[in-house]
Amino acid sequence: MLKTDRPILSAISCGFPTAEGPVNLKSLFAESGKPGPRRVNRLIQLAVLGARRCVGDRTLPDNTAVYLTSRSAHVADSLLLLGRIRANQPSSPVSFINTSGNMAGYYIAADLGLSGSNQSIHATDLAWSQILELAVVAADPQQYLLIGCAEECVWPLEQHRSRHELAADCAIDEQSTFVLLGPVGAPGPRRLQSVAFTPTPADPPPPLDPARNGGLEAPPRFVAWLEQPQRSHQFIESPDSGCGDSAPSLRGVITVVD
């Protein structure tokens with residue numbers, strides 16, 4: 001178990017429905033009065049939009065650390081580049097650069113004027129618990145931490161569902177979820193106390209539904225859980241894909257106190 005004592009200063013989860021096609025993210029940036037970053041892909045736009053909404057009117061210290069997770073990462077640009085390679089066509093330099101795993105984190109930092117540590121994890125199982133664990137281990141106790149998840153979709157949705165091995169009629173949304181943590185010991189209404197990975201019990205809780213939000217459901221459910229007036233002090237993240245009988249199965253246990 002990794003113990004910490006960081007106040008949860010802000011938590012927000014933005015879901016973007018996809019059934020009628022992609023939401024116009026540029027218009028959402030325009031509504032905020034500040035345009036979004038230029039020449040970036042959709043995942044980066046989602047990440048920056050969610051980070052802005054989480055931070056709000058706060059001015060963060062410039063050494064605030066950014067930690068980001070995603071299940072499928074920059075899938076749209078990756079598919080575009082692979083398609084061009086198969087067709088023996090030149091790739092777009094911008095698309096190639098933007099497929100780098102940490103580009104969304106970079107643009108969050110650039111947008112908010114941050115220069116602290118900036119790291120990303122892309123994983124199928126327990127990605128949310130892993131990114132919280134990384135932040136607890138790697139960050140300085142006096143740093144602010146901006147921790148998030150972004151998931152994009154690729155149209156046609158039938159093909160995107162197939163990539164995630166989802167049913168043909170399964171609802172699927174895009175998402176951008178962020179949590180802002182303060183320095184260790186600072187005051188706050190709720191506190192992240194610990195992150196742990198424990199063996200899955202014989203009768204585990206049902207796994208989180210990987211269908212919505214592009215495949216990573218734990219972050220928005222975590223934020224919804226935080227908002228419940230009466231809740232247990234532990235949030236359980238179960239593996240999405242299952243490890244099979246030959247490998248031990250773990251679950252994430254995130255402890256929050258009021």
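All of these numbers come straight from a predicted model, not from anything done at the bench.
- The nearest pair of heavy atoms linking L146 to T64 is N-CG2, 4.2 Å.
- Environment of OH in Y107: crowded, with over 12 heavy atoms of neighbouring residues, nucleotides or ligands closer than 6.0 Å.
- The CG atom of D173 sits 7.0 Å away from the SG atom of C153 when rounded to the nearest 0.5 Å.
- Taking CD1 of I254 as the start and CD of E133 as the end, the distance is 10.5 Å to the nearest 0.5 Å.
- Across N41, L43, I44, a single residue satisfies side-chain contact (heavy atoms from CB on, under 4.5 Å) together with M103, and that is I44.
- Checking T69, I121, I131, L250 one by one against L126, the side-chain contact (heavy atoms from CB on, under 4.5 Å) holds for a single residue, L250.
- Although no hydrogens or angles enter the test, the distance criterion places a donor-acceptor pair under 3.5 Å between the side chain of R161 and the main chain of C170.
- Looking at S78, its side chain does come within 3.5 Å of a backbone N or O of H74 through a donor-acceptor pair.
- Here the CZ atom belonging to R190 is positioned 7.5 Å from the CG atom belonging to D258, to the nearest 0.5 angstrom.
- Across all non-hydrogen atoms, the minimal contact from A123 to Q130 is CB-NE2, 3.8 Å.
- Within a 6.0 Å sphere centred on OH of Y144, other residues, nucleotides and ligands contribute 12 heavy atoms or fewer.
- For the pair R71 (side chain) and E217 (backbone), a donor-acceptor distance under 3.5 Å is absent.
- At a threshold of 4.0 Å, the pair D125-R251 does not count as salt-bridged, since none of the basic side-chain nitrogens sits closer than that to a carboxylate oxygen.
- Atom CD of E158 and atom CG of D169 lie 11.0 Å apart (nearest 0.5 Å).
- Scored by the side-chain contact (heavy atoms from CB on, under 4.5 Å) test, E165 finds no partners at all (sequence neighbours excluded).
- Here the closest non-hydrogen pair linking G50 and F178 is C-CD1, 3.5 Å.
- Judged by distance alone, the side chain of T18 and the main-chain N or O of I172 form a donor-acceptor pair under 3.5 Å.
- A salt bridge is defined here as a Lys NZ or Arg NE, NH1 or NH2 lying under 4.0 Å from an Asp or Glu carboxylate O, and R42 with E174 meets this definition.
- Of the possible donor and acceptor atoms, one in the side chain of Q143 sits under 3.5 Å from a partner among the backbone N and O of D140.
- Contact detail for Y67 and S117: the closest heavy-atom pair is OH-OG, 3.8 Å.
- With 3.5 Å as the limit, one finds no donor-acceptor pair spanning the side chains of D62 and S115.
- Taking 4.0 Å as the cut-off between side-chain N and carboxylate O, R191 and D5 count as a salt-bridged pair.
- Under a 3.5 Å cut-off, the side chain of S194 and the backbone N or O of M1 do not form any donor-acceptor pair.
- Proximity of V253 to E237: side-chain heavy atoms (C-beta onward) are nowhere separated by under 4.5 Å.
- Scanning all heavy atoms of the two residues, the minimum distance from C54 to L180 falls at SG-N, 3.8 Å.
- Counting heavy atoms from C-beta outward, V66 and L114 have side chains that approach closer than 4.5 Å.
- Annotation: the span from L157 atom CG to H164 atom NE2 amounts to 10.5 Å, rounded to 0.5 Å.
- Under a 3.5 Å cut-off, the side chain of S176 and the backbone N or O of L46 do form a donor-acceptor pair.
- The closest donor-acceptor contact from the side chain of S70 to the backbone of C149 lies at 3.5 Å or more, if one exists at all.
- Not a single donor-acceptor pair under 3.5 Å links the side chain of R52 to the backbone N or O of L49.
- Using a 3.5 Å distance cut-off with no hydrogens or angles, the side chains of Q175 and T177 do pair a donor with an acceptor.
- Aromatic ring orientation, W225 versus F235: tilted (interplanar angle from 30° to 60°).
- E152 places a side-chain N or O within donor-acceptor distance of the main-chain N or O of A76, the cut-off being under 3.5 Å.
- Between D111 and K34 a salt bridge is recorded (basic side-chain N to carboxylate O distance below 4.0 Å).
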